[in-house]
Amino acid sequence: MRTVAVVTVARSDFGVLRPVLRAIQQAPDLSLRLLVSGMHLSPEFGYTVDSIEEEGFIVDERVDMLLSSDRPEGTSISLGLGVVGFGQSFARSQPDILLVAGDRFDAYSAVIAALPFRIPVAHISGGDVTEGAIDDSIRHCITKLSHLHFVSTQPYADRVIRMGEEPWRVSVSGAPGLDNLASIEILDRDMLETVIGFRLDEPFALATYHPATINELSPSAQIAEV
C-alpha cells in the first residue's frame with residue numbers, strides 16, 4: 001500500500017483533481033492523503049473545504065497559509081507560511097509521493113517543502129503557457145521540482161522535455177478535469193436560465209477574463225478596459 005498525498009488549494013485545482021482523487025480511492029494498492037490549504041480555508045472565498053467534505057472526501061490535513069491581502073508582500077508571506085505549514089505536515093507523516101496540479105503559488109509552497117524530505121513529486125498540467133501571469137513562472141518552477149509529469153497534450157510534453165526533463169518521466173495523460181463531464185448533471189435550458197438568472201432567448205455574448213498578474217493595472221482596471 002503506497003500513500004499518495006494530494007494537495008488542493010482552490011476550487012480551480014480541485015475541479016481538475018476530483019476524478020484523480022476518485023481513482024486513487026478506488027485503487028486497491030493506494031491510500032489517499034488529502035492536504036487542503038489556500039483559498040479552501042478562507043471564509044472570504046466561501047470556506048470551500050466544506051464542499052470537499054460534502055463530496056465524501058476525508059481531509060487529512062488543513063494547512064493554513066493565506067493572508068487576507070491582495071498586496072505583493074501578502075502573497076510572499078503566504079508563500080512562506082505555506083512552506084512552514086507543509087513542512088510541519090511532512091514531518092508528521094511523509095507520503096510515498098506528492099501530487100499537485102497546475103500553477104498556484106500555494107501549491108508551489110507544498111512542493112518546496114517536500115524537497116528536503118526527498119518526497120517524489122508528480123505534477124499535473126505542466127508545460128502549459130499562460131502569458132501575462134505569474135502562474136507561468138510558478139508552473140515551470142513546479143515542473144523543475146517534480147519527478148513525474150502528467151501533461152495534457154504532446155506540445156506540452158515537448159516543452160517539458162525541452163526544459164531538461166527526461167522523456168520517460170513525461171506522460172501525455174490528457175486533462176483530467178474533462179473526466180468530470182462523464183458525471184456532471186447537464187441542466188436543460190429552462191433550469192439553466194433559472195440558475196443564472198438570465199434569459200437565453202436574446203442574442204448574447206459570454207466572455208471570461210483572467211487578470212494579467214504581471215501587469216501594474218489592478219484587475220478592476222483591466223476588466224474596465226475590457
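Just so it is clear, the model here is predicted, and its values are computed rather than measured.
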Which residues share a salt bridge (charged side-chain N to carboxylate O under 4.0 Å, His left out) with D136, sequence neighbours left out: R139
Got [X] and [Y] here, is their nearest side-chain heavy-atom distance under 4.5 Å?
X	Y	value
V7	Y108	no
L81	L79	no
Y47	S42	no
M39	E44	no
Y156	D128	yes

In chain order, what residues pass the side-chain contact (heavy atoms from CB on, under 4.5 Å) check against I52, with sequence neighbours excluded?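 I52 satisfies side-chain contact (heavy atoms from CB on, under 4.5 Å) with T8, F14, L34, V36, H40, F57, V59 only.
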Does H149 form a side-chain contact (heavy atoms from CB on, under 4.5 Å) with S171? I'd like the steps, not just the answer. CA-CA 6 Å; H149 311 276; S171 299; over 6 Å; no
Heavy-atom closest pair, residues [X] and [Y]:
X	Y	answer
P19	P176	CG-O, 3.3 Å
A157	V172	CB-CG2, 3.8 Å
D106	G38	OD2-CA, 3.7 Å
Q222	A212	OE1-N, 2.8 Å
V9	A107	CG1-N, 3.9 Å
S37	V63	OG-O, 2.5 Å

Backbone N or O of [Y] within a donor-acceptor pair of the [X] side chain at under 3.5 Å?
X	Y	value
D13	G102	no
S78	M65	yes
S93	S89	no

Going through the distances and angles, do D103 and S125 end up as a side-chain contact (heavy atoms from CB on, under 4.5 Å)? CA-CA 8 Å; D103 48 29; S125 297; over 6 Å; no
Measuring from R169:CZ to S146:OG, what's the distance to the nearest 0.5 Å?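 Here the rounded value is 10.5 Å.
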Should the heavy atoms of other residues, nucleotides or ligands under 6.0 Å from [atom1] of [X] be counted, would the total exceed 12?
X	atom1	result
M163	CE	yes
R2	CZ	no
R118	CZ	no
L181	CG	yes
E131	CD	no

Check step by step if side-chain contact (heavy atoms from CB on, under 4.5 Å) holds for H123 and L148. CA-CA 6 Å; H123 183 210; L148 297 174; over 6 Å; no
Given S218 and S220, is the side-chain hydrogen bond (donor to acceptor under 3.5 Å, both in side chains) satisfied, shown in steps? CA-CA 5 Å; S218 67; S220 58; 3.0 Å; yes
Under the criterion side-chain contact (heavy atoms from CB on, under 4.5 Å), I'd like the reasoning laid out for V16 against I124: C-alpha separation, chi angles, the key distance, then a yes or no. CA-CA 9 Å; V16 172; I124 294 174; 4.2 Å; yes
Which residue pairs pass the ring pair (Phe, Tyr, Trp, His ring centres under 6.0 Å) test when at least one of the two sits in residues 165-214, sequence neighbours left out? F198-F204
Using a strict cut-off of less than 4.0 Å between a Lys/Arg side-chain nitrogen and an Asp/Glu carboxylate oxygen, indicate whether E165 and R159 qualify as a salt bridge.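 No, no charged N to carboxylate O under 4.0 Å.
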